[in-house]
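Note sheet for the following structure.
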Amino acid sequence: MLQLLGLDLPVPDHSTLSRRAETLVVPRPEAGSAPVHLPVASMGLKLCGWDEWLEEKHGSKRRRAWQVLHLATDADTGQIVTSALTDRNAYDGS
């Protein structure tokens, strides 16, 4: 990608990134430090396995499984504060 952008920047390989990730410090806000506007959004996720292509080709023999991923984000920073993965019957209010 850097070549496509015309940038001459060094890029670390996977092992270097993995080593650096061990010592990566992620800043977390202190609990209760200030009020937070927390919008919640959800999206459906289709669960599929290795035989998904076979079902698509020859027809579905079973009902596909769906789960819902709920994300709560800090409206000011855009950071995900919390998440929950539920079955398809759950909704954002709960």
Please name the pair of heavy atoms, one in [X] and one in [Y], separated by the smallest distance, quoted to 0.1 Å.
{"X": "T86", "Y": "H70", "value": "OG1-NE2, 3.0 Å"}
{"X": "D74", "Y": "V81", "value": "N-CG2, 3.7 Å"}
{"X": "T73", "Y": "P39", "value": "O-CD, 3.0 Å"}

- Query: Can you name the side-chain hydrogen bond (donor to acceptor under 3.5 Å, both in side chains) partners of S83, sequence neighbours left out?
  - Reply: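 If we apply the side-chain hydrogen bond (donor to acceptor under 3.5 Å, both in side chains) test to S83, skipping adjacent residues, there are no hits.
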
- Message: I need the Q67 CD to S42 OG distance, nearest 0.5 Å.
- Response: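 Result: 13.0 Å between the selected atoms.
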
- Is the CD1 atom of I80 crowded by more than 12 outside heavy atoms at less than 6.0 Å?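 Atom CD1 in I80 is not packed in, count stays at 12 or less.
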
- Message: Take a 6.0 Å sphere around CG of D87 and say whether it holds more than 12 heavy atoms from other residues, nucleotides or ligands.
- Response: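 Yes - once you tally the heavy atoms of other residues, nucleotides and ligands closer than 6.0 Å, there are more than 12.
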
- Do the non-hydrogen side-chain atoms of T23 and V25 ever get within less than 4.5 Å of each other?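 They are not in contact (no side-chain heavy atoms under 4.5 Å apart), so the answer is no.
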
- Query: With no hydrogens and no angle check, is any side-chain donor or acceptor of T77 less than 3.5 Å from a backbone partner on Q79?
  - Reply: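 Yes, because the side chain of T77 sits within donor-acceptor range (under 3.5 Å) of the backbone of Q79.
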
